[in-house]
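Here is the structure we will look at.
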Amino acid sequence: MHAVTPADQAPDRPLLDEIERYYDAAPRSSARAEDFGPLTLFVRAADTGWHYYARPTLGHDGPAATAEDVRRVLERQRELGAPEAFEWVAEQNPALRAAVEAAGLTVHEHPLLVLGPQDESVAAPITAERTEVRVLAADAPELAQAVAVPHVAFGAPGTAIGAAGADELAASTATLTADGGVARIAQRISDGVTVQAAALEDGTVLCSGQYNPVGPVGEVVGVGTLPSARRRGLGLAVTAALVAHARANGVRTVFLSASDEDVARIYRRAGFRPFATALIAEAASPRA
């Protein structure tokens, strides 16, 4: 299946350009950019931290990327020990998919949704009386759990209630504290490049997520709920808190990518509207 513009409408070109500028700027707070002509590879700036990806070069006006261009980037990623990964917006760079697939990568589609300046903020759903949803400071004692929850959540994809809960959260929290993952998020919060929110109940984080602002644009990322606490509206409650914080701090465009259409429907009900398709390419899984 190939991506199509939502509702088969012409793409919102100013919005696509704004998001494209954001995608180029956001990784630069903790990565360096390597130039490959029509492609740019973002490389993490330290031995620890996130591995990034390659994407189309902002403002490139030469020939479109070819499969050979993609292979050059792949060679560099292998040399660095980085994931063989590319990310881009289908409607902004429609020709890149063919080059990426010709180079042997598998492409996955994810709905992109947005709240623009003219859209109402997300209404926070009603949660249990003992549930508290708030933005966390860099020194918040709950931050370690908040960083860990999405790792547990994404280990059991989907929206169904699952078994993973307190034990898995404790193990993930210990791992991320030991390897510096929690400290990295705390530093990003202090630097003003990440905002973290969490839903807590009886002192335990059940759901968390972030947004990363760059000027007037922010992307909501990593919203995850412990599988044992799903189907309670916690993901939307955390998202609503992030959007409210973003709007209160001058961010006029908030967007996110949903893992699939089932998740996208939840965000659409909350007021986000579809506007494009995010494409993520990765190495194909080896055949059995």
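Each residue takes its place number in the sequence, starting with 1. These values consider heavy atoms only, across backbone and side chains, with no hydrogens, waters or symmetry-generated copies.
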(message) Determine whether a donor-acceptor pair (N or O, by modelled atom type, separation under 3.5 Å) exists between the side chain of Ser208 and the backbone of Ala198.
(response) no
(message) Can you confirm whether the side chains of Thr194 and Tyr211 place a donor and an acceptor under 3.5 Å from each other?
(response) no
(request) Decide side-chain contact (heavy atoms from CB on, under 4.5 Å) for Glu261 and Arg268; before the verdict, give the C-alpha distance in whole Å, the side-chain angles of both, and the deciding distance to 0.1 Å. (result) CA-CA 10 Å; Glu261 282 296 335; Arg268 286 203 299 271; 3.4 Å; yes
(request) Any chance you could measure Ile161, atom CD1, to Leu226, atom CG, to the nearest 0.5 Å? (result) 12.5 Å
(message) Rounded at 0.5 Å granularity, tell me how far CD1 in Ile19 sits from CG in Leu15.
(response) 5.0 Å
(request) List the atom of Gln77, the atom of Ala85, and the distance in Å for their closest heavy-atom pair. (result) NE2-O, 3.0 Å
(message) If hydrophobic clusters are built by linking Ile, Leu, Val, Met, Phe, Trp and Tyr wherever their side-chain heavy atoms come under 4.5 Å apart, do Leu41 and Leu96 end up in the same one?
(response) yes
(message) What verdict does the side-chain contact (heavy atoms from CB on, under 4.5 Å) test give for Asn212 and Tyr22, after you've listed the backbone C-alpha separation in whole Å, the side-chain angles of each residue and the deciding distance to 0.1 Å?
(response) CA-CA 10 Å; Asn212 300 311; Tyr22 174 92; 3.5 Å; yes
(message) Looking at Ile185, is its backbone amide N or carbonyl O close enough to the side chain of Gln196 to form a donor-acceptor pair, meaning the two atoms are under 3.5 Å apart?
(response) no
(message) Taking Ser257's backbone N and O only, do any of them form a donor-acceptor pair with His110's side chain (distance below 3.5 Å, no angle check)?
(response) no
(request) Keeping the roles fixed (side chain from Thr173, backbone from Leu169), state whether a donor-acceptor pair exists under 3.5 Å. (result) yes
(request) Find out whether Pro27 and Arg44 are in side-chain contact, i.e. whether some heavy atom of one side chain is under 4.5 Å from a heavy atom of the other. (result) no
(request) For side chain to side chain donor-acceptor pair (under 3.5 Å), just list the numbers for Arg184 and Ser30, CA-CA rounded to whole Å, side-chain angles, deciding distance to a tenth of an Å, and then say yes or no. (result) CA-CA 10 Å; Arg184 286 192 294 274; Ser30 55; over 6 Å; no
(message) Suppose we call two aromatic rings close when their centres sit under 6.0 Å apart. Are Phe255 and Phe272 close by that rule?
(response) no
(request) Please step through side-chain contact (heavy atoms from CB on, under 4.5 Å) for the pair Val195 and Leu242, ending with a clear verdict. (result) CA-CA 8 Å; Val195 175; Leu242 292 169; 4.3 Å; yes
(message) So does Thr127 get a backbone contact from the side chain of Thr131, meaning a donor-acceptor N/O pair under 3.5 Å?
(response) no
(request) Drop me the distance from Glu79's CD to Leu74's CG, to the nearest 0.5 angstrom. (result) 12.5 Å
(message) Strictly below 4.0 Å, N to O, side chains only: are Glu84 and Arg76 in salt-bridge contact?
(response) no
(request) Report the C-alpha separation of Arg247 and Glu120 in whole Å, then their side-chain angles, then the decisive distance to 0.1 Å, and conclude whether the salt bridge (charged side-chain N to carboxylate O under 4.0 Å, His left out) test is met. (result) CA-CA 10 Å; Arg247 289 282 172 83; Glu120 294 184 7; over 6 Å; no
(request) Please name the pair of heavy atoms, one in Ala99 and one in Ala65, separated by the smallest distance, quoted to 0.1 Å. (result) CB-O, 3.5 Å
(message) Do Leu105 and Glu282 have side chains that approach each other closer than 4.5 Å (heavy atoms only, starting at C-beta)?
(response) no
(message) Please determine whether residues Tyr52 and Val221 belong to a single hydrophobic cluster, defined as Ile, Leu, Val, Met, Phe, Trp and Tyr linked transitively by side-chain heavy-atom distances below 4.5 Å.
(response) no
(message) Can you confirm whether or not the ring centre of Tyr53 sits under 6.0 Å from the ring centre of Tyr23?
(response) no
(message) So which atom in Asp69 and which in Ala64 form the shortest heavy-atom distance, rounded to 0.1 Å?
(response) OD2-O, 4.1 Å
(message) Using salt bridge (charged side-chain N to carboxylate O under 4.0 Å, His left out), reason through Arg134 and Glu142 one step at a time and then give a plain yes or no.
(response) CA-CA 11 Å; Arg134 57 185 168 88; Glu142 304 90 355; 2.7 Å; yes
(request) With Arg273 as reference, evaluate Leu115, Leu113, Val114 under the side-chain contact (heavy atoms from CB on, under 4.5 Å) test and give the passing residue. (result) Val114
(message) Quick check on the hydrophobic clustering: are Val238 and Val254 connected, directly or via other members, by side-chain heavy-atom contacts under 4.5 Å?
(response) yes
(message) Looking at every non-hydrogen atom in both residues, tell me the closest pair between Val263 and Ala258 and how far apart they are.
(response) CG1-CB, 4.0 Å
(request) Please tell me if the side chains of Val251 and Val243 come closer than 4.5 Å, counting only heavy atoms from C-beta onward. (result) no
(request) Might you point out which heavy atoms bring Val149 and Leu206 nearest each other, and give the distance in Å? (result) CG1-O, 3.8 Å
(request) Determine whether Pro213 and Val217 make a side-chain contact, defined as any pair of heavy atoms from C-beta on separated by less than 4.5 Å. (result) no
(message) Contact between Val107 and Ile280 at the side-chain level, heavy atoms closer than 4.5 Å - yes or no?
(response) no
(request) Using a strict cut-off of less than 4.0 Å between a Lys/Arg side-chain nitrogen and an Asp/Glu carboxylate oxygen, indicate whether Glu68 and Arg72 qualify as a salt bridge. (result) no
(request) Examine distances only and state if a side-chain atom of Gln210 and a backbone atom of Val223 form a donor-acceptor pair shorter than 3.5 Å. (result) no
(message) Contact between Thr57 and Phe36 at the side-chain level, heavy atoms closer than 4.5 Å - yes or no?
(response) no
(request) Just do the side chain to side chain donor-acceptor pair (under 3.5 Å) check on Thr253 and Glu18 with the steps written out, would you? (result) CA-CA 9 Å; Thr253 299; Glu18 183 176 57; 3.2 Å; yes
(request) Sequence neighbours left out, what pairs pass salt bridge (Lys or Arg N to Asp or Glu O under 4.0 Å) with at least one residue falling in residues 229-241? (result) Glu201-Arg232
(request) Following the transitive rule for hydrophobic clusters with a side-chain heavy-atom cut-off under 4.5 Å over Ile, Leu, Val, Met, Phe, Trp and Tyr, establish whether Leu58 and Phe86 coincide in one cluster. (result) no
(message) Walk me through whether Arg13 and Glu91 qualify under salt bridge (charged side-chain N to carboxylate O under 4.0 Å, His left out).
(response) CA-CA 9 Å; Arg13 185 57 55 189; Glu91 291 78 1; over 6 Å; no
(request) May I ask you to decide if Val193's main-chain N or O and Asp191's side chain share a donor-acceptor pair within less than 3.5 Å? (result) no
(message) Using a 3.5 Å distance criterion without hydrogens, assess whether the side chain of Trp88 forms a donor-acceptor pair with backbone atoms of Asn93.
(response) yes
(message) Please tell me whether Val135 and Leu256 are part of a single hydrophobic cluster in this structure, the criterion being side-chain heavy atoms less than 4.5 Å apart.
(response) yes
(request) Decide salt bridge (charged side-chain N to carboxylate O under 4.0 Å, His left out) for Glu20 and Arg55; before the verdict, give the C-alpha distance in whole Å, the side-chain angles of both, and the deciding distance to 0.1 Å. (result) CA-CA 10 Å; Glu20 191 72 6; Arg55 66 178 333 278; 3.0 Å; yes
(request) Please check if atom CD in Glu129 has more than 12 non-hydrogen atoms from other residues, nucleotides or ligands closer than 6.0 Å. (result) no
(message) Can you tell me how far apart NE2 (His60) and CG (Leu39) are? Round to the nearest 0.5 Å.
(response) 8.0 Å
(request) State whether the side chain of Asp24 and the backbone N or O of Arg21 hold a donor-acceptor pair below 3.5 Å, judged by distance alone. (result) no
(message) Determine whether Asp12 and Leu16 satisfy the following criterion, side-chain contact (heavy atoms from CB on, under 4.5 Å), listing intermediate values before the conclusion.
(response) CA-CA 6 Å; Asp12 183 335; Leu16 285 173; 5.5 Å; no
(request) Heavy atoms only: give me the nearest Val133-Ala241 pair and the separation to one decimal. (result) CG1-CB, 3.8 Å
(request) Answer yes or no: is there a donor N or O on one side and an acceptor on the other, between the side chain of Asp17 and the main chain of Pro14, under 3.5 Å? (result) no
